[in-house]
Structure formats: structure tokens, C-alpha cells
**Q** 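Take this structure first; my questions come after.
FYI, side chains are in, hydrogens and waters are out, and symmetry mates aren't considered; it's all heavy atoms of this structure. Here the structure is a predicted model, which is why all the values come from computation and not from measurement.
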Amino acid sequence: VFSDKDTQRNAQEYFTGLKLIKQKAQEHDVPFWAVVQAGNYVSGNIVRDTKDTAYMTDGMTRWTVHTALAYGAQGITYYPLVQPYSYSLQKNWIGTTKSTYNYDRNGIIGADGTTTPYYEYIKNVNRQITAVDEVLMNAADCGVVVTEASTAASDTGITNYGYGALTHLTSTGSAGAMAGCFNYFGRNAYHAVNYDYNNPQDITLYF
């Protein structure tokens, strides 16, 4: 979602894909899983120059996981777990002894056997998932709502701003927020997500 300069287009394609997968999963009464990219340039035999600085951050990783959960994903997996050597090829890698390979570029474990920055990102977000999985795994997906007139609204194309007991939500930034809406044993449950992956926001839910 984040490696292209046209971030809005990529976000729109991402949510179009999530919506389609969710619809097909519901049609066939099966849960869907989201595969979250652990780092950037996760394709084989592409030599990247050090000028390439578009790396997944902690915030981007959390954003990807939590937007998928808001859309009803009931499984999260990460790719790649272990970085293949071909995914680490690097040229002009200056200021380090790693003159041929960048072992921190992707993967939870680098091709040299050490943990990457994504190891900590994913460990932290998995801790957040564990705190809510009992609800999400036992809840029926009822859709997604967003803050009105926000980046979240324009990227997703969603025009629903409230569901059930929730009349609407607001955020302190223009990026906005979203909330996955669920039926949890006959009661409303919501998974709120900060849509700004660079900055914290205060999100308020009105009931």
C-alpha cells in the first residue's frame, strides 16, 4: 500500500480488494485471513539501491493489521517470516559491512538469522490482537463506518458513519478514523482504528 508515490490510489485498491475478499468469504461462509507485508520489496531477485527509502514503519504495520481486522479478518499472517537472500539484495550500501545484502529490509527474521525491526513491530501489534481476539473471533461482521469528510472516507468510499448504538465517530486529525462493526452475541461491538499511520489521534465514539 505504501511503497508507491500514489498512496491514495494504492489505498483505494487495497480497500477494494478487502471488500471483495470479504464479500466472497461471506458468500461461502468461510473466514478470511489477511496477509500483512513484513517490510518492503518482498519479491525475488530485485536489487534495490540505497536511495530507496520507502520502508514499512511501525505505524504502517499497525494500520494494515487493524484495518483488516475492522473489515472482519479472522486471521493475520505475515510475509515473509524468514527473508530469502534474494529479497535482501542491495547495491551502494554505504557505511556498513553489509555491502551486498540488506538484512533489515523485510522479513521477521533476516537472511542472516537475526531479527529485523519488523520483529518488534509485529510482536507489539500481536499483543494488541490478543487483547481483543476473544471478541472478534466470536463476533459476526456487520460492516465498517468512518468519520465523515475524512481521508478514511475518500479512500474507502464508505458513506456509513454510524451503526447500531454508535451514531458517529470523530477524530482530531483530517485523516479520520474507522470502526469495524460487529454483532457479539446479540450486542454491538466496535473495533476503532486510527486512520493516520504517522500520527496519534484522539478518536471519540458517540452512542
Side-chain angles (χ1 to χ4, degrees), residues 1-4 6-44 56 59-81 87 106-108 118 121-122 125-126 128-148 150-166 168-169 175-197 205:
V1 175
F2 305 99
S3 60
D4 192 283
D6 191 353
T7 304
Q8 183 183 35
R9 186 202 68 191
N10 283 350
Q12 291 170 341
E13 291 177 353
Y14 167 72
F15 287 111
T16 297
L18 267 183
K19 181 180 177 180
L20 176 61
I21 292 167
K22 178 168 128 171
Q23 288 175 341
K24 292 300 181 182
Q26 290 174 337
E27 286 175 14
H28 296 281
D29 195 26
V30 295
F32 81 88
W33 286 39
V35 180
V36 176
Q37 191 170 299
N40 280 23
Y41 313 126
V42 289
S43 55
M56 289 282 283
M60 291 172 179
T61 303
R62 291 172 190 261
W63 183 96
T64 308
V65 168
H66 287 292
T67 52
L69 292 176
Y71 268 70
Q74 291 201 309
I76 301 290
T77 187
Y78 303 95
Y79 180 83
L81 169 61
Y87 287 18
N106 50 52
I108 298 173
Y118 305 105
Y121 300 166
I122 290 167
V125 76
N126 281 351
Q128 294 175 343
I129 295 172
T130 301
V132 298
D133 63 0
E134 191 279 332
V135 173
L136 295 183
M137 291 297 290
N138 291 288
D141 171 36
C142 298
V144 181
V145 297
V146 295
T147 48
E148 191 172 359
S150 64
T151 305
S154 60
D155 284 354
T156 61
I158 293 173
T159 56
N160 295 328
Y161 309 120
Y163 175 82
L166 177 68
H168 66 287
L169 63 161
M178 67 168 53
C181 306
F182 301 90
N183 182 320
Y184 180 62
F185 296 110
R187 303 180 68 180
N188 296 144
Y190 305 93
H191 186 73
V193 182
N194 175 11
Y195 198 79
D196 189 336
Y197 52 79
L205 284 73

**Q** Answer yes if the side chains of Glu134 and Tyr184 hold a donor-acceptor pair under 3.5 Å, and no otherwise.
**A** yes
**Q** If you compare all heavy atoms of Ala189 against all heavy atoms of Val135, which two are closest, and at what distance to 0.1 Å?
**A** CB-CG1, 4.1 Å
**Q** Can you give the donor-acceptor pairs under 3.5 Å from side chains of residues 156-166 to other protein atoms, not counting sequence neighbours?
**A**
{"residue": "Thr156", "atom": "OG1", "partner": "Ala152", "partner atom": "O", "Å": "2.7"}
{"residue": "Thr156", "atom": "OG1", "partner": "Ile158", "partner atom": "N", "Å": "3.2"}

**Q** Identify, with sequence neighbours excluded, every residue that meets side chain to side chain contact (heavy atoms under 4.5 Å, CB included) alongside Ala177.
**A** Thr147, Leu169, Ser171, Ile203
**Q** Would you indicate whether the side-chain heavy atoms of Tyr78 and Asn126 approach each other to under 4.5 Å?
**A** yes
**Q** If I compare all heavy atoms of Ala175 with all of Ser150, which pair ends up nearest, and what's the gap?
**A** O-CB, 3.7 Å
**Q** Of all residues at least two apart in sequence or in a different chain, which pass the side-chain hydrogen bond (donor to acceptor under 3.5 Å, both in side chains) check with His168?
**A** none
**Q** Does Trp63 reach the main-chain N or O of Tyr195 with its side chain, forming a donor-acceptor pair under 3.5 Å?
**A** yes
**Q** What is the distance from atom CG of Asn138 to atom CG of Asn183, rounded to the nearest 0.5 Å?
**A** 11.5 Å
**Q** Among all residues two or more places apart in sequence or in another chain, which pass the side-chain hydrogen bond (donor to acceptor under 3.5 Å, both in side chains) test with Asp141?
**A** Lys22, Gln26
**Q** Considering all heavy atoms of both residues, which atom of Asn40 and which atom of Tyr118 are nearest to each other, and what is their separation?
**A** N-OH, 4.3 Å
**Q** Please enumerate all residues that pass side-chain hydrogen bond (donor to acceptor under 3.5 Å, both in side chains) together with Glu27, with sequence neighbours excluded.
**A** none
**Q** Distance check, rounded to the nearest 0.5 Å: Gln128 atom CD versus Thr130 atom OG1?
**A** 10.0 Å
**Q** Which pair of heavy atoms, one from Ala139 and one from Phe182, lies closest together, and at what distance?
**A** CB-CB, 3.6 Å
**Q** Excluding sequence neighbours, so at least two apart, what forms side chain to side chain contact (heavy atoms under 4.5 Å, CB included) with Leu69?
**A** Val65, His66, Ile76, Ile129, Leu136, His191
**Q** Once side-chain hydrogen bond (donor to acceptor under 3.5 Å, both in side chains) is applied, do any residues pair with Thr151, and if so which ones, sequence neighbours excluded?
**A** none
**Q** Find out whether Thr64 and Tyr14 are in side-chain contact, i.e. whether some heavy atom of one side chain is under 4.5 Å from a heavy atom of the other.
**A** yes
**Q** Ala192: which residues meet the side chain to side chain contact (heavy atoms under 4.5 Å, CB included) condition with it, sequence neighbours left out?
**A** Leu205
**Q** What heavy-atom pair brings Gln74 and Pro31 nearest, and what distance separates the two atoms?
**A** OE1-CB, 3.6 Å
**Q** Apply ring-ring contact (aromatic ring centres under 6.0 Å, His included) to Tyr190 and list each qualifying residue two or more places apart in sequence or on a separate chain.
**A** Phe207
**Q** For the ring pair Tyr71 and Phe32, is the centre-to-centre distance below 6.0 Å?
**A** no
**Q** Does Thr67 reach the side chain of Met178, with side-chain heavy atoms less than 4.5 Å apart?
**A** yes
**Q** Hey, could you give me each pair passing salt bridge (charged side-chain N to carboxylate O under 4.0 Å, His left out) that has a residue in residues 175-193? Not counting sequence neighbours.
**A** none
**Q** Locate the shortest heavy-atom distance separating Ser154 from Gln12; write the atom from each residue and the value.
**A** O-NE2, 3.7 Å
**Q** Answer yes or no: is there a donor N or O on one side and an acceptor on the other, between the side chain of Asn106 and the main chain of Ala38, under 3.5 Å?
**A** no
